[in-house]
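Read through the structure below, which is laid out as C-alpha cells, and then see the notes.
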Amino acid sequence: MSNIIRRPRRLRQSDSMRRLVAETTLSVDDLIAPLFVREDIDSPQEVSSLPGVMQHTQESLIEQVGKLADLGVPGVIVFGVPAHKDAEGSQAWNPDGVVQVALQNLSAAYGDRITVATDLCLDEYTDHGHCGVVLDNGEVDNDSTIELYAKVAVAQAKAGAQVVAPSGMMDGQVAAIREALDGAGYINVPILAYSAKYASSFYGPFRDAVNVSIANGGNRKAYQQDFRNGREAIEEIKLDIAEGADMIMVKPALAYLDVIAEARAKFDVPISAYQVSGEYAMIKYAAAQGVLDEEAVMMETLTSIKRAGADFILTYFAEAVAKKLN
Ligand code: PBG
C-alpha cells in the first residue's frame, strides 16, 4: 500500500497540529448578543421558551451590557417590549419609548465601549403583531410601513443607536431609512440590513421573548422569504446594498448555510448571520435532556456559520462563548 496519500490524517495527529491547520476560528470579536428590554416589569424575567435568556428591566439591561463589554463582546442588539401596543406601533418612535430610554442609558453608561444596535421593526409594538401597517383587506402595506420605519430610525439614532438593523422585509426600507438618517444628520449611523430573512418556524421562541402573537393565526409569508428559495436571497441582498446597506444579514443561520456561502462568494460587504431563537432552543433543550453536549454543539454550530462565510453572528450564546474563549 505505497500509493496511499496520508496527508489528511497526518495533519490531524494532535490537538496542536489541528489548531495549526484550522481554517476557521471563532472569536469573541465575532459576536453580537440579542437582548430584550421590557417596560412593565420590576425584575428581570426569564423567557419561558429560551432558557437563560431574560426580558430585562432598564437597570438589569445596563448591568448585562456592562458584563458583556467586560467579556469583550463587541456588540449587542436591543429589542423592546413595550407596555402598550397599538395598530401602528407608535411606541417604536416615541422618544420615551422603551428602546429609546435603553439607548440613552447605554450610551451614557458605556459610550462606544460596546456597539449598541437596534432591531428596527414594528412587530414588537403593534397590537396585531405584524411588521407594518395592516390594511382593511389584511395586507401589510409596504409604502406606508417604510415611512414609519424612517421615523423609527431617526428616533433610535437620536437616542444613541450606533447601528440600526431593519428586519421588516419591506421593499425599499433600506433606502427610506438611509434617506431619513442622512436628512436628520445621522450620516455615520450604519445600516445592518436583515436582507435575506426567511419566513421561518425557528422564530417561535423569540415571539415569547417579545410577547408577540400574530393576529388571526397569521404569518409573515407575504413579506419574509420562502425557504424554498436561494437565488432570491442574492437578489434581496443586491437590492439592499444598492439602497445603502453597510452590512447584511442572513437569518436564520444553520438551515441557510448555503445562502451565507453564496452571499460570501458574491458580496464584499460585512456579512452577518442570526442564530435565531429556535436554533438556540433546540440545543438547550436537547442538552437538558442529555442528548447533546451543549458547549460542544454551541461551538460547532457557530464555527460552521463562520466557515460558511459569516463575519459575525448574532447569537443568544454570546455570553457563554465569550466566557469559554476568555
Ligand atoms: C422582527 C424580528 C424577529 C426576529 C428578529 N427580529 C421575528 C420575526 O420576524 O417574526 C427573530 C429572532 C429570533 O427568532 O431569535 N422584529
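Remember, it's 1-based here, ligands and their atoms both numbered in the order they're listed.
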Flag, side chain of Gln156 to backbone of Val164, donor-acceptor distance under 3.5 Å: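 The answer is no, because no donor-acceptor pair under 3.5 Å joins these two groups.
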Check whether Tyr110 reaches the backbone of Gly66 with its side chain - one donor and one acceptor, N or O, closer than 3.5 Å.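 Flag set: sc Tyr110 to bb Gly66 pair under 3.5 Å.
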Determine whether any heavy atom of [X] lies closer than 4.0 Å to an atom of ligand 1.
X      : value
Met169 : no
Glu279 : no
Gln275 : no

Tyr198 and Tyr256 aromatic ring geometry - parallel, tilted or perpendicular at 30°/60° bounds: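 Parallel.
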Which label fits Phe36 and Tyr316: parallel for a plane angle under 30°, tilted from 30 to 60°, or perpendicular past 60°?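 Phe36 vs Tyr316 ring planes: parallel.
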Among all protein heavy atoms in this structure, tell me which lies nearest to atom 14 (O) of ligand 1, with the distance rounded to 0.1 Å.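 Scanning the protein heavy atoms, the shortest distance from atom 14 (O) of ligand 1 goes to Ser277 OG, 2.7 Å.
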Look at atom 12 (C) of ligand 1 and say which protein heavy atom is nearest, naming residue and atom and giving the distance to 0.1 Å.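 Heavy-atom neighbour on the protein nearest atom 12 (C) of ligand 1: Phe206 CD1, 3.3 Å.
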Sub-4.0 Å atoms of ligand 1 with respect to non-hydrogen atoms of [X]:
X      : answer
Gln224 : 8 (C), 9 (O)
Cys121 : 16 (N)
Phe79  : 5 (C), 6 (N)
Glu124 : 16 (N)
Asp123 : 1 (C), 16 (N)
Tyr316 : 12 (C), 13 (C), 15 (O)
Tyr274 : 12 (C), 15 (O)
Asp119 : 6 (N), 16 (N)

Considering only NZ, NE, NH1 and NH2 on the basic side and carboxylate oxygens on the acidic side, decide whether [X] and [Y] come within less than 4.0 Å.
X      : Y      : result
Glu235 : Arg231 : no
Glu243 : Arg178 : no
Arg113 : Asp70  : yes

Please report the interatomic distance [atom1]([X]) to [atom2]([Y]), rounded to the nearest 0.5 Å.
X      : Y      : atom1 : atom2 : result
Gln275 : Met298 : CD    : CE    : 9.5 Å
Leu302 : Ile313 : CG    : CD1   : 5.0 Å
Ile191 : Leu120 : CD1   : CG    : 8.5 Å

Look at atom 10 (O) of ligand 1 and find which of Met249, Lys251, Arg207 reaches it with the closest heavy atom.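 Among Met249, Lys251, Arg207, the closest heavy atom to atom 10 (O) of ligand 1 belongs to Arg207.
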Winner among Lys197, His130, Arg220 once heavy atoms are compared against atom 2 (C) of ligand 1: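 Of the listed residues, Lys197 has the closest heavy atom.
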